[in-house]
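Here's the structure, in structure tokens; my notes come after.
Note that the structure is predicted; figures quoted are calculated from it, not measured. The chains referred to below are lettered A, B, ... by the order of the sequence lines, with proteins before strands, and numbering in each begins at 1.
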Amino acid sequence: MSSVYSKEDIKKVSDSYSNREKNTSDRVFCTNLSEQLGKTITMSGSIYKINNLGGIEFYTLRDRTGLTQLVLEGEIARVKLTPLSIVQVKGMVTKEERSPYNGIELKVTELTILSEAASDVPFTVGGNLSNLNLPTLLDNRPISLRNIEILSVFKVQSEIAGSFAEFLRLHNFTEIKTPKIISNETEGGSNIFEIKYFDRQAFLAQSPQFYKQMMVGSGLERVFEIGPVFRAEKHNTVRHLNEYTSLDFEMAFIKDEQDLIDMQEALLIHILKNIKAKYSDVLEYFGQEIIIPTSIPRIHFIEALEIADKLGVKDMDGDISPEGEKVVCKYIEEQYGSQFVYIVGYPVKKRPMYTMQDERLPGYTRSFDLLYKGLEITTGGQRIHNYEALKANMIAFGLNPAAYKDYLETFKFGMPPHGGLGMGLERVTMKLLGLGNVREATLFPRDIGRLEP
RNA sequence: GAUUGCGUAGCGAAGUUGGUUAUCGCGUCGGCCUGUCAAGCCGAAGAUCGCGGGUUCGAGCCCCGUCGCGAUCGCCA
């Protein structure tokens, strides 16, 4: 084999991997600045804000930990810097009352532009973006995400998902990853994306439901998954996405659906406590106060319909309308001081074929929704674990058991009583921060009109 | 799919019963400015008013069509 490069050149590069000089960066971060008072240090980041007064220039340096005021005076102030440019600066950490960031600033003596940003930014990233239209922010997502307040939404979201996993691991759940390319519809209906899979037809998973249940049956007993789900519904609302992240868990040997609710209640408290402890600044920015519940009210579906009806919202073909969900939530908050409410016992015809019926109220199920600030954030319930009962229910729902052979095998060979739930990560984030549109709680939302960026 | 609303510089908006050169703020570009933090002051560029057609002496404005977008509903987390 021949190369345009000499053996010596190649060897030098090759050797550099084993004899590499470590990156001994002495980079100081914004949050650690107060420990460096009086010292000359190096910082790296992007230029977030600019105030150029002529002989003196103020730049706000932004790194992953926060903001620092840079002061350029004299000769160095002649450097031309555009907002969002990436820089490395060297300077003296100085106490200065007039600095907006912790009364500390960096008097810059050396400045290197690592990457210059063009000046035709669609909007001022370091400014207040609240008066921009959402489509503008979404069309320019790589840029709008650089705004620290917009980005903070996703730090909170990461914490929600992280706390979810943390809590469940603590309770002996095992994290699983199930396929998103599937050959069969999960819950019937036409709301499923078709894709080409080599020379066959396949679908994008609407839910990890069947796989979760198979893994309960595997002997793990308790499983959870954080993953994408896809819905081909042509809805266009502030609370729907065609791709979203589902926080799912499924657990075995439950007595009934109340065990699931108990588990989720403790889980939610864990999540809310973590967010409150770590992101009080973000909550304050969005004007949200987290009320950590001690217990979440649980009301029956029929009761919820009555409450909505009493408050002037008619039921919708035997179901609760979004408007009804809002007034029920409002009522519960006034009566019990809870921003959450469980609605238990949805009608059989409103639920999938694997849902366990409530033997006390035939026609109703042992399933539930969790509403948070007027929005449905969770659906869950006890599942049918008896093979024959499940098969019979499939037929009753107009489905062909033969098409669900692999799924049914789990039940044929012994399946414990079990149940689980799915929680929409973006919806939880949205409501937690009081956002008006679920797209704001999605990095790169996919909706009926949006496939980019 | 249904209902409803909106398309005016890079962004956010105003534009009267149809009337001359389409207005304002932010941003951009140039100049001044040593304590800004929504910096300030002076100046400049930037819009075939979504697109096509019609009515009219005259259309950003009225009518028809078309495309795009938002919101609500069905459905759902």
Side-chain angles (χ1 to χ4, degrees), chain A residues 48-60 67-74 76-77 80 82-84 94 96-101 103 105 107 118-140 143-144 187-192 206-209 227-248 316-317 319-326 346 350-352 368-372 375-380 421-431 436-439 441-442 447-450:
Chain A
Y48 199 61
K49 291 182 184 181
I50 296 179
N51 272 325
N52 186 345
L53 275 70
I56 186 165
E57 292 179 353
F58 299 97
Y59 293 96
T60 302
L67 303 171
T68 292
Q69 174 156 281
L70 306 178
V71 184
L72 278 70
E73 273 180 290
I76 199 163
K80 177 97 178 120
T82 49
L84 303 182
T94 313
E96 171 55 68
E97 287 297 314
R98 291 170 290 187
S99 166
Y101 306 112
E105 63 187 20
K107 301 253 191 234
S119 63
D120 56 339
V121 198
F123 39 77
T124 307
V125 171
N128 180 7
L129 303 190
S130 62
N131 60 342
L132 295 192
N133 294 319
L134 186 56
T136 305
L137 295 175
L138 297 178
D139 288 344
N140 299 282
I143 304 303
S144 64
E187 320 202 351
S190 55
N191 53 351
I192 186 158
Q206 297 163 288
S207 151
Q209 187 58 35
V229 294
F230 306 89
R231 302 281 164 94
E233 295 147 2
K234 290 186 174 175
H235 36 43
N236 188 17
T237 75
V238 292
R239 62 184 186 282
H240 286 98
L241 295 163
N242 292 295
E243 175 179 3
Y244 70 91
T245 305
S246 188
L247 305 171
D248 272 273
M316 213 171 48
D317 187 28
D319 201 355
I320 306 173
S321 64
E323 184 60 26
E325 291 180 344
K326 273 181 204 154
Y346 278 77
K350 297 286 173 193
R351 292 280 136 131
F368 56 87
D369 274 6
L370 172 64
L371 310 188
Y372 178 35
L375 183 66
E376 186 180 330
I377 59 164
T378 286
T379 292
L421 56 83
M423 189 159 38
L425 176 60
E426 293 83 353
R427 282 194 178 182
V428 174
T429 310
M430 169 194 181
K431 283 295 166 183
N437 194 314
V438 72
R439 292 166 181 84
T442 313
D447 62 36
I448 188 162
R450 189 175 295 281

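In the set B/rA77, B/rG35, B/rC29, B/rA77 carries the atom at the smallest distance from any side-chain atom of A/Thr379. When distances are taken from the side chain of A/Asn51 to each of B/rG35, B/rA39, B/rA77, the shortest belongs to B/rA39. Nearest to the side-chain atoms of A/Lys80 among the listed nucleotides B/rG30, B/rC76, B/rG35 stands B/rG30. Comparing B/rG1, B/rG35, B/rC75 by their closest approach to the side chain of A/Lys234 singles out B/rG1. Taking every side-chain heavy atom of A/Ser119 into account, B/rC29 is the closest of B/rC29, B/rG27, B/rU34.
Rounded to an integer number of Å, the gap from A/Leu53 CG to B/rU36 P is 7 Å. Taking atom CD1 of A/Ile448 as the reference point, atom C1' of B/rG74 lies 12 Å away to the nearest angstrom. Rounded to a whole Å, the CZ atom of A/Arg231 is 16 Å from the P atom of B/rG74. Remark: P of B/rC76 and CD of A/Glu426 are 18 Å apart, rounded to the nearest angstrom.
Each of A/Asn242 and A/Gly74 was matched to the nucleotide of RNA chain B holding its nearest heavy atom; the match closer to the 5' end belongs to A/Gly74. Of the two residues contacting RNA chain B, namely A/Glu323 and A/Thr82, the nearest-nucleotide position lying further toward the 5' end is that of A/Thr82.
The pairing partner recorded for B/rU4 is B/rG70, the criterion being a Watson-Crick or G-U wobble arrangement whose two distances lie under 3.5 angstrom. Partner assigned to B/rA9 is none, using Watson-Crick or G-U wobble distances below 3.5 angstrom. Nucleotide B/rG46 forms a pair with no other nucleotide shown, judged by Watson-Crick or G-U wobble geometry with both contacts under 3.5 Å.
A/Arg98 has no side-chain polar atom (N or O) that falls below the 4.0 Å cut-off from OP1 or OP2 of B/rU34.
Expressed to the nearest 0.5 Å, how far CD1 of A/Ile320 lies from CD of A/Glu325 amounts to 6.5 Å.
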Can you tabulate the close N/O pairs, meaning under 3.5 Å, that link protein atoms to atoms of nucleotides 68-70 of chain B?
none

Under 3.5 Å, which protein N or O atoms sit close to an N or O of nucleotides 5-11 of chain B? Give each pair with its distance.
residue	atom	partner	partner atom	Å
B/rG10	O2'	A/Pro122	O	3.4
B/rC11	O4'	A/Pro122	O	3.2

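Listed for the A/Arg231 side chain is a donor-acceptor partner under 3.5 Å among the backbone atoms of A/Gln206.
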Using a 4.0 Å heavy-atom cut-off to protein, can you give one letter per nucleotide of nucleotides 40-48 of chain B, 5' to 3': B if the base is in contact, S if only the sugar-phosphate is, - if neither?
---------
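Look at the P atom in both B/rG25 and B/rU72: the space between them is 34 Å, to the nearest Å.
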